[in-house]
Engineer: 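Here it is, the structure, as structure tokens.
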Amino acid sequence: MAVMPKRVKYRKHQKGKCRGIACSGDRLAFGEYGLKAIDNGLVRANHLEACRVAMVRKLRGAGKLWINVFPHKPVTKKPAETRMGKGKGDLDHWVAVIKRGRILFEISGVPEEFAKSLLRLVAFKLPVKTKFIVRVQHQ
């Protein structure tokens, strides 16, 4: 079961550009540790689902997990060996547009070393470069 919006206003979107820096979602909001994107890119719904499954299995009910991105953007594709023209292709998959600086995942309630190893495992499943971040404690 792919992650996708329940309903959308328009079935097909234009491609658009994937550049710039994240203005919102660029700080830890819930957890102690996070995975921050340091690249711009598109993350497919199945990448996010693979990450979620890997994290839930590894956590085994310990700690709390937040996923801060959702695939809202539809991507279309024309069938292989089809001539040009005849309109835009059918919907193929959903993607989340990721700008650099965006926090993708957050976790809390687990030791830092475990969180680091868990988010490293998740980072391998993503098509964008990421880095591990820790919430700064104020004195």
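Numbering starts at 1 and runs along the sequence shown. Values in this document were obtained by computation on a predicted structure and should not be read as measured data.
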Engineer: With rounding to the nearest 0.5 Å, note down the distance linking NZ in Lys86 to NZ in Lys78.
Structural biologist: 8.5 Å
Engineer: Are there over 12 heavy-atom neighbours, none belonging to Lys88, within less than 6.0 Å of that residue's NZ?
Structural biologist: yes
Engineer: Apply side-chain contact (heavy atoms from CB on, under 4.5 Å) to residues Lys99 and Ile21 and explain how you reach the verdict.
Structural biologist: CA-CA 5 Å; Lys99 291 186 173 184; Ile21 303 168; over 6 Å; no
Engineer: When you compare the side chain of Val128 with that of Asn40, does any pair of heavy atoms fall below 4.5 Å?
Structural biologist: no
Engineer: Just so I know, are the side chains of Pro5 and Trp94 near enough to count as touching, which here means a heavy-atom distance under 4.5 Å?
Structural biologist: yes
Engineer: Is atom NZ of Lys58 surrounded by more than 12 heavy atoms (other residues, nucleotides or ligands) closer than 6.0 Å?
Structural biologist: no
Engineer: With a 4.0 Å cut-off, would you call Glu113 and Lys116 a salt bridge?
Structural biologist: no
Engineer: State, with a plain yes or no, whether a side-chain heavy atom of Met55 is found less than 4.5 Å away from one of Val122.
Structural biologist: yes
Engineer: Is Val3 linked to Val53 within one hydrophobic cluster, defined over Ile, Leu, Val, Met, Phe, Trp and Tyr using a side-chain heavy-atom separation of less than 4.5 Å?
Structural biologist: no
Engineer: I need the minimum non-hydrogen distance between Thr130 and Ala37, along with the two atoms involved.
Structural biologist: CG2-CA, 4.1 Å
Engineer: Contact between Phe114 and Leu119 at the side-chain level, heavy atoms closer than 4.5 Å - yes or no?
Structural biologist: no
Engineer: Can you list the steps and then say if Asp92 with Thr76 is a side-chain contact (heavy atoms from CB on, under 4.5 Å)?
Structural biologist: CA-CA 5 Å; Asp92 186 51; Thr76 60; 5.9 Å; no
Engineer: Run the numbers on Arg27 and Ile103 for side-chain contact (heavy atoms from CB on, under 4.5 Å), then give the verdict.
Structural biologist: CA-CA 7 Å; Arg27 291 187 194 92; Ile103 305 290; 5.7 Å; no
Engineer: Can Phe132 be reached from Leu65 by stepping across I, L, V, M, F, W or Y side chains whose heavy atoms are under 4.5 Å apart?
Structural biologist: yes
Engineer: Has Glu32 got a side-chain atom pairing as donor or acceptor with Gly109's backbone, closer than 3.5 angstrom?
Structural biologist: yes
Engineer: For residues Arg60 and Arg57, report the shortest heavy-atom separation together with the two atoms involved.
Structural biologist: CG-O, 3.3 Å
Engineer: Does the side chain of Pro127 come within less than 4.5 Å of Val43's, by heavy atoms?
Structural biologist: yes
Engineer: Do Val97 and Leu48 share a hydrophobic cluster, counting only Ile, Leu, Val, Met, Phe, Trp and Tyr and linking them when any side-chain heavy atoms are less than 4.5 Å apart?
Structural biologist: no
Engineer: Is Lys12 atom NZ crowded by more than 12 heavy atoms from other residues, nucleotides or ligands, each under 6.0 Å away?
Structural biologist: yes
Engineer: Roughly how far, to the nearest 0.5 Å, is the NZ atom of Lys131 from the CD1 atom of Ile38?
Structural biologist: 6.5 Å
Engineer: When rounded to the nearest 0.5 angstrom, what distance separates CH2 in Trp66 from CD1 in Ile107?
Structural biologist: 9.5 Å
Engineer: Would you check if the side chain of Lys125 reaches a backbone N or O of Ala54 as a donor-acceptor pair within less than 3.5 Å?
Structural biologist: no
Engineer: Going from CG on Asp26 to NZ on Lys36, what distance comes out if it is rounded to the nearest 0.5 angstrom?
Structural biologist: 6.0 Å
Engineer: Are Leu104 and Leu42 connected in the hydrophobic side-chain network, where two residues link if heavy atoms are under 4.5 Å apart?
Structural biologist: no
Engineer: What distance do Cys23 atom SG and Arg102 atom CZ have between them, rounded to the nearest 0.5 Å?
Structural biologist: 10.5 Å
Engineer: For Gly31 versus Ser108, what's the shortest heavy-atom pair and its separation?
Structural biologist: CA-CB, 3.8 Å
Engineer: Could you tell me if the side chain of Val8 sits less than 4.5 Å from the side chain of Pro74, heavy atoms only?
Structural biologist: no
Engineer: Would you check if the side chain of Glu106 reaches a backbone N or O of Phe30 as a donor-acceptor pair within less than 3.5 Å?
Structural biologist: yes
Engineer: Answer with yes or no whether the hydrophobic clustering places Leu126 together with Val95; edges join I, L, V, M, F, W, Y residues whose side-chain heavy atoms lie under 4.5 Å apart.
Structural biologist: no
Engineer: Output the distance between atom NZ (Lys9) and atom CZ (Arg11), rounded to the nearest 0.5 Å.
Structural biologist: 16.0 Å
Engineer: Is there a side-chain contact between Glu112 and Val134, using heavy atoms and a 4.5 Å cut-off?
Structural biologist: yes
Engineer: Does some side-chain heavy atom of Val69 sit less than 4.5 Å from a side-chain heavy atom of Ile98?
Structural biologist: yes
